[in-house]
*Asks:* 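Sharing a structure with you now.
Numbers here simply count residues along the sequence, with the first being 1. Computed from heavy atoms alone, side chains included, the values below leave out hydrogens, waters and symmetry copies. Read the numbers this way: they start at 1 and go in the same order the structure lists the ligands and their atoms.
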Amino acid sequence: MNLFSDNADLAFHVREGIPWESFVPLWEEGFRFEDGPRSLEEARAVYEASLAEVGEFAAREIAPRAREIDREGVAFRDGRVIHPAGLLANVEGLKRLGVLAPSLPRDVGGFNFPFCVGAAMLEIVGRACTNTLLLYAFYQGPALMVLRFGTRDQIERWVKPLASGEISGAVAMTEPEAGSDVGNVSTSAAAEGDHFRLNGRKQFITNGCGDVCIVLARTEPGSKGLAGLSLLVVPRVENGRDNYRVARPETKNVIRGSATCELAFEGSCAELLGQRGDGFRQILTFMNEARAAVAIQGLGISQAALEAARAYAGQRVQMGRPIARHELVADMLLDMEAETAALRALVYRCTALQDRVLGLERGGGGTARREAARLERALRDRTPLVKWFGAERTLWIARAAVQVHGGYGVVAEYDVERHYRDALILPIYEGTSQIQALMSLKDQVRWCVERPHRLLTGAVGVEAPPDTLGDAVREMAAEYNRTLRYVVGEALGAAGVIRALRGREPDRERMAYALLSAERLCAMLAYTRAAEALAAHAGTQRRRMAERFVHRSLPLLRMHGQIVRSGDRSTLEALRA
Ligand SMILES: Cc1cc2nc3c(=O)[nH]c(=O)nc-3n(C[C@H](O)[C@H](O)[C@H](O)COP(=O)(O)OP(=O)(O)OC[C@H]3O[C@@H](n4cnc5c(N)ncnc54)[C@H](O)[C@@H]3O)c2cc1C
């Protein structure tokens with residue numbers, strides 16, 4: 001088995017769907033590197049060979065260990081976190097393959113692979129074992145932060161060891177009183193000579209027991225909210241002694257093989273990363289990548305759940321025929337397949353956009369920068385949507401896989417109960433589904449206020465084929481636009497638009513109905529963007545699946561639209577009461 005080549009839909013995206021030509025020449029700067037590919041064809045052959053290698057390893061070693069990793073979970077002895085042995089063996093294998101940080105530049109230990117390749121690797125690893133994906137992600141993730149904002153010396157000391165797997169990292173934002181409310185961070189760092197002293201607690205930190213932690217802390221005394229925050233690099237051990245304490249890993253029923261740690265900083269020695277006071281803007285770059293990564297984690301779980309359900313339904317016989325041949329089960333299986341394909345199409349559309357943006361930024365030049373700015377907005381539009389869709393729809397797919405298994409779906413001998421438990425975390429971390437919805441709404445309202453005529457012409461446009469499938473996708477966008485227009489009108493009115501144009505905050509009381517509608521609007525736009533991505537590659541082979549997704553999504557959108565436009569304020573009245 002090979003978890004790359006046996007996945008026809010993933011192989012389709014890698015071979016035909018991803019527009020490699022639009023960014024690989026930029027990433028490879030015209031194929032001028034001695035140690036890089038000499039042409040687009042060579043680059044693509046290298047990507048495919050690497051994916052096949054990871055796919056083979058994932059099938060042979062990672063997947064067979066997944067159940068045991070979950071069963072064993074994370075232990076805590078003498079103040080030390082003990083990872084499941086299988087998890088460490090998996091990461092060791094990925095390290096041997098040299099793929100811990102594939103998208104880093106070659107001179108710091110990466111392969112300069114575009115994010116589309118890294119995303120496919122994550123998907124493959126995640127399908128085999130989501131706990132392994134979580135540790136795997138904490139080599140390249142923190143390394144990219146140091147690479148982006150660090151000094152040459154910091155890159156030398158932190159990026160190379162992370163890329164080679166000598167050390168692993170963590171990124172710590174959340175605190176007991178600062179979850180969704182990042183502006184409430186109270187961990188503080190005071191300058192002392194050429195370094196900082198850090199005090200405070202961080203909560204729920206994935207791999208917080210790693211060797212280095214990038215911490216968001218308040219460096220400007222008296223500052224409030226998102227201002228006055230900075231990023232700091234905090235080594236786990238300083239001068240041979242623990243520099244911070246892992247108070248405990250959480251005992252939990254989801255992603256049991258992943259260490260989720262509470263950290264205590266008590267005068268810990270830290271070094272500034274990037275600009276003082278610019279921490280929130282800097283950490284957003286990580287959060288955006290991490291949000292896409294959560295969607296990819298969902299994709300891996302969805303694929304695994306779909307395959308398990310299909311296999312089970314094919315062999316389980318009830319009432320004289322395999323359950324896969326009973327209408328209701330067949331319907332579930334086809335929906336699971338279509339939803340997984342829609343998620344994959346959206347994921348690779350986002351990573352390809354990101355690759356193009358980064359490529360253009362490397363290319364420099366005024367025209368390239370202008371195009372990068374335009375695409376960056378398209379990426380910003382889709383980032384909360386891919387996170388929302390990846391999390392919420394994976395949860396549905398994993399639940400459907402349990403249902404297909406009947407009673408066996410909830411017993412430990414079958415993987416789907418683990419997939420369902422693991423899917424539960426997706427709508428929570430890296431910004432909950434509600435926070436994604438609020439972010440998406442905020443951007444859409446802001447863009448409407450900047451150009452009020454968009455409210456009349458349609459705030460959101462889609463690129464869809466000139467046929468009936470495309471018509472349905474355009475109707476989805478139209479339904480969203482109608483609903484957004486209603487909500488913005490209710491929230492702001494003409495006076496509110498003028499107020500916003502003058503840079504004044506909208507009235508919170510008037511905005512309440514928009515906030516109440518945010519998740520329905522987010523769902524509508526997420527389905528629309530997923531449909532757009534799926535319809536873009538709906539050739540003869542894939543058309544039935546795309547039609548199924550689009551034709552089942554459109555009525556769902558209409559339902560959300562009708563509820564929002566009904567103006568039902570009963571929740572707000574209950575709140576006031
Ligand atoms: C397993 C695990 C791993 C994690 N890994 C990391 C990590 O590596 N690094 C890190 O920094 N953090 C990490 N986190 C923290 C995670 O990002 C937070 O749990 C998440 O942001 C939510 O914060 P909270 O738990 O405090 O919930 P809260 O913010 O208290 O939210 C509770 C509920 O209220 C809703 N809510 C909150 N505010 C609003 C609002 N304004 N409008 C509407 N609804 C709202 C939320 O959507 C949610 O449903 C991890 C968490 C877990 C469980």
*Asks:* Can you tell me the protein heavy atom closest to atom 37 (C) of ligand 1 and the distance?
*Replies:* S180 OG, 3.6 Å
*Asks:* For atom 53 (C) of ligand 1, what's the nearest protein heavy-atom neighbour? Residue, atom name and distance, please.
*Replies:* I425 CD1, 3.5 Å
*Asks:* Is the count of non-hydrogen atoms from other residues, nucleotides or ligands lying under 6.0 Å from Q275 atom CD greater than 12?
*Replies:* no
*Asks:* If you count heavy atoms of other groups shown closer than 6.0 angstrom to CD of E177, is the number above 12?
*Replies:* no
*Asks:* Within a distance of under 4.0 Å, is there any protein heavy atom near atom 30 (O) of ligand 1?
*Replies:* no
*Asks:* Judged by modelled atom types alone, do Y348 and E123 share a side-chain donor-acceptor pair under 3.5 Å?
*Replies:* yes
*Asks:* Identify, for atom 51 (C) of ligand 1, the protein heavy atom at the shortest distance, and state residue, atom and that distance.
*Replies:* F204 CB, 3.5 Å
*Asks:* Are any non-hydrogen protein atoms located under 4.0 Å from atom 35 (C) of ligand 1?
*Replies:* no
*Asks:* As an exercise, identify every atom of ligand 1 less than 4.0 angstrom from a heavy atom of I255.
*Replies:* 1 (C)
*Asks:* Looking only at heavy atoms, which two atoms of D211 and I167 are closest? And how far apart?
*Replies:* OD2-CA, 3.3 Å
*Asks:* Who's the nearest protein heavy-atom neighbour of atom 20 (C) of ligand 1, and how far?
*Replies:* I428 O, 3.6 Å
*Asks:* Donor-acceptor pair, distance only, cut-off 3.5 Å: does the side chain of E72 make one with the backbone of G86?
*Replies:* no
*Asks:* Give the atoms of ligand 1, by number and element, whose distance to some non-hydrogen atom of T260 is under 4.0 Å.
*Replies:* 1 (C), 2 (C), 3 (C)
*Asks:* Look only at interatomic distance and state if T206 has a nitrogen or oxygen under 3.5 Å from any nitrogen or oxygen of ligand 1.
*Replies:* yes
*Asks:* Tell me whether R77 at atom CZ has more than 12 heavy atoms from other residues, nucleotides or ligands lying less than 6.0 Å away.
*Replies:* no
*Asks:* Tell me: protein heavy atom nearest atom 40 (C) of ligand 1, and distance?
*Replies:* L438 CD1, 3.8 Å
*Asks:* At a non-hydrogen distance cut-off of under 4.0 Å, which region of E430 contacts ligand 1 (side chain, backbone, both, or neither)?
*Replies:* backbone
*Asks:* Just wondering, are more than 12 heavy atoms of other shown residues or ligands nearer than 6.0 Å to NZ in K442?
*Replies:* no
*Asks:* Quick one: nearest non-hydrogen protein atom to atom 44 (N) of ligand 1, plus distance?
*Replies:* Q434 CB, 3.8 Å
*Asks:* For the backbone of G267 and the side chain of R197, can you confirm whether one donor and one acceptor N or O come within less than 3.5 Å of each other?
*Replies:* yes
*Asks:* Report, as yes or no, whether the 6.0 Å neighbourhood of atom CZ on R399 holds more than 12 heavy atoms from other residues, nucleotides or ligands.
*Replies:* no
*Asks:* What atoms of ligand 1 come within less than 4.0 Å of a heavy atom belonging to V171?
*Replies:* 7 (C), 8 (O), 9 (N), 10 (C), 11 (O)
*Asks:* Do R148 and T285 have side-chain atoms, one donor and one acceptor, less than 3.5 Å apart?
*Replies:* yes
*Asks:* Taking only heavy atoms of I205 into account, list the atoms of ligand 1 that are under 4.0 Å away from them.
*Replies:* 7 (C), 8 (O), 9 (N), 10 (C), 11 (O)
*Asks:* Looking only at protein heavy atoms, which one is nearest to atom 23 (O) of ligand 1, and how far off is it?
*Replies:* G179 CA, 3.4 Å
*Asks:* Below 4.0 Å, non-hydrogen atoms only: which portion of N207 touches ligand 1? Side chain, backbone, both or neither.
*Replies:* neither
*Asks:* When you measure from the side chain of R276 to the backbone N and O of S230, does any donor-acceptor pair fall under 3.5 Å?
*Replies:* no
*Asks:* Which protein non-hydrogen atom lies closest to atom 10 (C) of ligand 1, naming both residue and atom, and how far is it?
*Replies:* T174 OG1, 3.3 Å
*Asks:* Is it true that E68 and R71 have a side-chain N and a carboxylate O under 4.0 angstrom from each other?
*Replies:* yes
*Asks:* Under 4.0 angstrom from atom 7 (C) of ligand 1, is there any protein heavy atom?
*Replies:* yes
*Asks:* Report the part of T432 (side chain from C-beta onward, or backbone N, CA, C, O) that has a heavy atom under 4.0 Å from ligand 1; answer both or neither where that applies.
*Replies:* side chain
*Asks:* Checking contacts here: is it the side chain or the backbone of V254 that comes within 4.0 Å of ligand 1, counting heavy atoms only? Could be both or neither.
*Replies:* neither
